[in-house]
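Working notes, structure below.
Just so it is clear, the structure is predicted and the values come from calculations on it, not from any experiment.
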Amino acid sequence: MIKHLFILTMALLMCVGSYAQQKRISGTVSDNSTGEVLIGVSVYEPGTSNGTTTDVNGNYSLNINGSQVSFSYVGYATKTLAVKASKVINIKLSSDTQLDEVIVVGYGTQRKSDLTGSVASISATQIKNQAVSNVSTLLAGKAAGVFVGADGGQPGASSVVRIRGYGTVNDNNPLYVVDGQYMDDLNNLNPADIERIEVLKDAASAAIYGSRGSNGVILITTKGGTKGKTEITFDGYVGAKSSYKAMEMMNSEQFYNFIMEAYKDDETFQASQKEKFTNQYKRGYDTDWWKEVTRTGFNQNYNLSIRKGSDKSRTALSLGYLNDQGAIIETYLKRYSVRFNQEYDLNSRITIGVNANIAKIDSKDSGLPAYSHIQKADPFTPVINPLVDPESENYKYNKYAPTEWAWEQNPVALINLSDRHNNAFNIFGNMFASVKLLDGLTYRFQYSLERNSSTYKNFSPAYQSTYSEYSLDPNMAAKYQEETRMTHNTWQTFNQTVENRLNYQKKIGLHHLDIMGAITYEKNDSEGVNAFKTGALSNDEIYHVLDAQTQNAQTSGGRTITSMMSYLGRISYNYADKYLATVNFRADGSSRFAKQNRWGCFPSFSLGWRITNEEFFKNLQIDNWVSSLKIRASWGQNGNQRIDNNARYSLVGNGRDDQWCFGSGFSLGYLPTNSGNTELKWETSEQTNVGLDAVLFNNTLEISMDLYEKKTKDMLLSVEMPAFGAFPTWPYFNAGSITNRGFELALNYRNNIGKDFEYNVGVNLSTYKTEVTELTSEYLQGQVSRTYVGGPIGRFYGHKQIGIFQNQEEIDNYVDSKGNKIQPNARPGDFKFAKLTEEGALNDDDRTFIGDPNPDLIYGFNLGFAYKNFDLSMVFQGTLGNDIYDGAIGQLAFAGSHNSLEEAYTKSWKQEGDHAKYPRISNTDSNNNYRLSSFMIENGSYLRLQNLQIGYNLPKSFCQKSKLFQNCRIYVSGQNLFTFTKYSGLDPDLGVSNPLDMGVDNVRYPTSRVLTLGVNVHF
């Protein structure tokens, strides 16, 4: 780390210079559109405190020492000019409301002012310098209607992104499009290469992507070449990450007392196990397994970008290196990336180009079967076994102490013993040719490809476990391995897309027409081979290959090919910059459906009215109050085809174990392997959206509001079948319908105080409500949820825990209408559950809805401040009104062959009158206290400071004098710094892919807090 800090320090020290000869400039500043003079414009020398403001006539005068002068005014784009000598400089500033900003939409671009759909735009400055390895994480808190949930803290893990909540019980992931190319795995993309991100939220915006756009579309544009002189930038940071929160598990003394209390009435334990258990405790170990498996990881990221261009060509080249160590020992991700972008004008009509990306990724996971293994290991066990001689053979693998009470293995041993790696080499990009056929008519051909090759290797060594004489291990067979095991899996994916597109633009007087038509063909080809063998001669590294193994050879493999043909078109009409209309149409033919249901058609239309361009509005003369006002409405349909590739086929196959004895030998046979459904058809969503966009108060406040309703029918779902039917898999059906209604609000305010202090505030709020309107079955079952017609997706379903029985009298008096005990097996100190049916003992019919993981409000806000050369930015994200199922309580609260939560001992019921949180301590739970109940449900609302960044720009005069840099910025940044929540688990920010299991916290890889020191240098 010292080396990297030294490099950064040297880069900063090179930014030195001196002041140039003084020059005097003067002039007038006015509005570019109206010609009116602007009062109070800041005129200043960049990187210094030298400046002035324009007077009541828009005039200014200033003496400068450097070679540049900047003009800044609220609501207008800042302009910086080079100054070589004293002179008069009259400046016209353009409005900076961003309404004329050109943004990317499906298969083209549009002015922001011409948009009639719901689109959120995120610039490179909003996502720069964040210490994340996956692009999806950058969206957190940035756009209304977009929720980003962490899918654990494993380096490289993708976040779960949801646009406008949940519109189906099927796959809800949005479509990612990078430079016009469909992408599923964003790990291959370097965040530093991103120029901007657009989020298409309503059906009218996303319908052009047809079957892929039903859950919204995220368009990512990478940086390209620029005209003019060569630009070279270097961005780098070094930092540290760690898990900032741990579950409070019992220490040795607490665990000993807990087990002794729990087993005090257990005759077997008292007769034959108590003494050994006591001797285990007396050995004096008190292992905190969380501390043993976590660490402070070092991360570093370096990016070098070169951009240049001329009148005929534009070129960009970037190199990136990321080394991200996880908060759990041995876990990491390393990424090496190269991106090359080239465009060349053959003549005034023909342009050709290529965009090529290469990414090599090496990663390692924890190897733990479940992260709860960390908490379940008993504290009596040391990490390293003192009974094993360090000089003994194979000590490297035999040195770990086995747990002698817990069922789960020593987690440090699980992580360290195996030699496992994931390696991927990915090439993706596109090449294109654009031809101007006629005036306004352009043809574009684009071929995109993605070639992913991945390899997983796992060598599991032979090792022995040495036990003490006090061992009570209930799972001894799982804690040693007599032979080595080697797994070697490879997978290759080759995706291709061919696009032929025509664009026609024509302006006749006040009429502006933009027409697009295209034909696309997509083919996806995936193939994998899995191999397994055992029995190498030793654990030495030379034997960590398949050929070194000698026994039990097993292989499997498969190949999947899917394709889709699409016809699409769009017509956009603009009259006098007042009345806007857009019509989209797309037809998709997918190989995933049977021939009779292969094609789906997805139309949309949208309208917009720019009220501020009407004469009656201009006559109101309130431009300073309302600079822009637009209302819009849209309707459209999207499809969803995200099902298994073989969903329509009923298949037979075989495996290594599918052999039958005939006579004296075995013969390989065939049996059903997949249950298909040829009647499957497209899942279709229909969305209506109305919205308003406004710019107020002299261009300082931007407002965007949307109200929408989304109806999804023919939902594609794998439906559980009766066990007696012997179905090899659960087939897919069009299983129901759902309605999703919501509201979104985005506010952005920016202003300045004087010429040196600027600030901006952004707020985004969204809410959604889902209602299942039709199901082909009575309900849908999740891990801990049920979904019924008339309710939302994924509500938690179980018993209501309403107290703790304090004595036998309370148990005896808790009876039904006929005097029967409701909980006859309860004892004092057990949980009391609500009886919801009229008669009989407590049973499954007394379950009800006990929580809702759907939030009432999703929100984010960002703050930005700049004072002279200093800048500060903060990004927050949070939710309100959602519940979380805390799986740790269900797994780690009761007494058994594992450690337990500390408060299950310290806050347990011990005697009558205790106001306890947990029930009595016992190893026999005749009352089933830890059945699924409201006891496991907690308030999941939270507010998180997602990112905080403080930067300082070194004075430009210093950097220019060095002749090495144009500017240089240093910064410190923090990721996941603070989380305000009442949730007792590790992290309330949950990303769960399955909508039936949202809000379920099953103990995950911990989310990390990251602190970084970085530098941005522009050469």
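Note: Tyr263 and Trp405 meet the aromatic proximity criterion, with ring centroids under 6.0 Å apart. Checked against the 6.0 Å centroid threshold, Tyr942 and Phe980 do not count as a close aromatic pair. Residues Tyr397 and Tyr463 place their aromatic rings such that the two centres sit no closer than 6.0 Å. Ring pair Phe380/Phe277: centre-to-centre distance below 6.0 Å.
Of the possible polar contacts, none joining the Asp830 side chain to the Ala826 backbone as a donor-acceptor pair under 3.5 Å is found. Using modelled atom types, no side-chain atom of Thr979 and backbone atom of Arg944 make a donor-acceptor pair closer than 3.5 Å. No donor-acceptor pair closer than 3.5 Å links the side chain of Asp1001 to the backbone N or O of Pro988. No donor-acceptor pair under 3.5 Å is formed between the side chain of Thr403 and the backbone N or O of Ala377. A donor-acceptor pair under 3.5 Å links the side-chain atoms of Gln481 to the main chain of Ser460, judged by distance alone. Remark: the backbone N or O of Asp365 is paired with a side-chain donor or acceptor of Arg420 at under 3.5 angstrom. Formation of a donor-acceptor pair under 3.5 Å by the Glu261 side chain with backbone atoms of Asn257 is not found in this model. Between the side chain of Gln549 and the main chain of Tyr543, a donor-acceptor pair closer than 3.5 Å is present. Asp997 places a side-chain N or O within 3.5 Å of a backbone atom of Gln783 that can act as its donor or acceptor partner. Panel note: side chain Asn423, backbone Thr455; no donor-acceptor pair is recorded below 3.5 Å.
In summary, Lys334 and Asp362 do not engage in a salt bridge, as defined by a charged side-chain N under 4.0 Å from a carboxylate O. A salt bridge links Glu330 with Lys364: the distance from a Lys NZ or Arg NE/NH1/NH2 to an Asp or Glu carboxylate oxygen falls below 4.0 Å. With salt bridges taken as basic N to acidic carboxylate O contacts below 4.0 Å, one links Lys241 and Asp324. Between Asp473 and Lys479, at least one side-chain nitrogen of the basic residue sits less than 4.0 Å from a carboxylate oxygen of the acidic one, meeting the salt-bridge criterion.
Taking the six-membered ring where tryptophan is involved, the planes of Phe831 and Phe935 are tilted, since the angle between them lies from 30° to 60°. The aromatic rings of His898 and Phe894 lie perpendicular to each other, with more than 60° between the two planes, well past the 30° mark.
Nearest heavy atom pair, residue Val412 against residue Val383, reads CG1-CG1, 3.8 Å.
Around NZ of Lys245, the count of heavy atoms belonging to other residues, nucleotides or ligands within 6.0 Å exceeds 12. Dense packing is recorded around NZ of Lys821, with more than 12 heavy atoms of other residues, nucleotides or ligands lying under 6.0 Å away.
Inter-residue side-chain proximity for Arg786 and Arg847 is flagged as met; some heavy-atom pair is nearer than 4.5 Å.
At least one test fails for Lys835 against the ring of Tyr814: distance under 6.0 Å to the centre or angle within 45° of the axis.
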